[in-house]
Undergrad: 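Pasting a structure here, questions to come.
Since the model is a prediction, treat every value here as computed from it, not as a measurement. Side-chain atoms are counted along with the backbone in the values below, which use heavy atoms only and exclude waters and symmetry mates. Residues: numbered from 1 along the sequence shown.
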Amino acid sequence: MANTRYFPSADVADLLPPGTTLLPAPPHTLPKLPGRPPMVGYLVLVPADHQPALPPITAPDREEPEGGDSLVRVDPVRRTAEVGGRPLDLTYLEFELLAHLVAHPHRVHTRDHLVSTVWGYGHVGDGRTVDVHIARLRRKLGAEHRGAIRTVRRVGYKYVPPSGR
């Protein structure tokens, strides 16, 4: 069963797949919020043969949006993405960035948030890295769908599903 010696609740550990190991996250990897107590986090290590099957992330929820626009579909299990039925040839980070944006439609993400979420806490870089990857994603989405990733000036980016135009 799961290694619960570091985990505060055995009830939660019972929900995890067999062979899962829980470790406390290093304090320096957790965000610090002003005026809030320090965060506590855990690394959940799941054996590859026990990975849960995740449903594809699709935006929007309707099968065919109004206006005949095609959907941007992201399948995190197969690590594939398509727009208008056309598969996208994405790099690892382009895929991760698109999957994150599609999973949170209409939400504005700062560049720093995207760097820490998509690239991870160990990434050394700046927000311009995000700008370059967004430009590449827009090119690959094509002229019809590039507007689905919108720039929020001086803040960051948001994904607006094609039907939300």
Undergrad: Measure from the side-chain N and O atoms of Arg107 to the backbone N and O of Lys158, and report whether any donor-acceptor pair falls under 3.5 Å.
TA: no
Undergrad: Given Val74, which partner from the list Leu101, Thr80, Leu98, Leu90 fulfils the side chain to side chain contact (heavy atoms under 4.5 Å, CB included) test?
TA: Leu98
Undergrad: Same cluster or not: are Tyr92 and Ile134 linked, directly or through other Ile, Leu, Val, Met, Phe, Trp or Tyr residues, by side-chain heavy atoms under 4.5 angstrom apart?
TA: yes
Undergrad: Write down the atom of Lys140, the atom of Leu88, and the distance for their closest heavy-atom approach.
TA: O-CD2, 3.2 Å
Undergrad: Is the ring pair His113/His109 parallel, tilted or perpendicular, if the boundaries are 30 and 60 degrees?
TA: parallel
Undergrad: To the closest 0.5 Å, what do you measure between CG (Leu137) and CG (Leu93)?
TA: 10.0 Å
Undergrad: Which heavy-atom pair separates Tyr157 from Thr151 by the least distance, and what is that distance?
TA: CE2-OG1, 3.4 Å
Undergrad: Drop me the distance from His100's NE2 to Tyr159's OH, to the nearest 0.5 angstrom.
TA: 14.0 Å
Undergrad: Just verifying a value: how many Å separate Asp112 CG and Thr117 OG1, rounded to the nearest 0.5 Å?
TA: 10.0 Å
Undergrad: Of the non-hydrogen atoms in Asp75 and Phe95, which two are nearest, and what is the gap between them?
TA: O-CZ, 3.7 Å
Undergrad: Do Arg111 and Ser116 have a side chain donor and acceptor closer than 3.5 Å?
TA: no
Undergrad: How many angstroms lie between atom CD of Glu96 and atom OG1 of Thr91, to the nearest 0.5 angstrom?
TA: 9.5 Å
Undergrad: How far apart are the closest heavy atoms of Leu141 and Val72, and which atoms are they?
TA: CD2-CG2, 4.5 Å
Undergrad: Looking only at heavy atoms, which two atoms of Glu94 and His133 are closest? And how far apart?
TA: CG-CD2, 4.1 Å
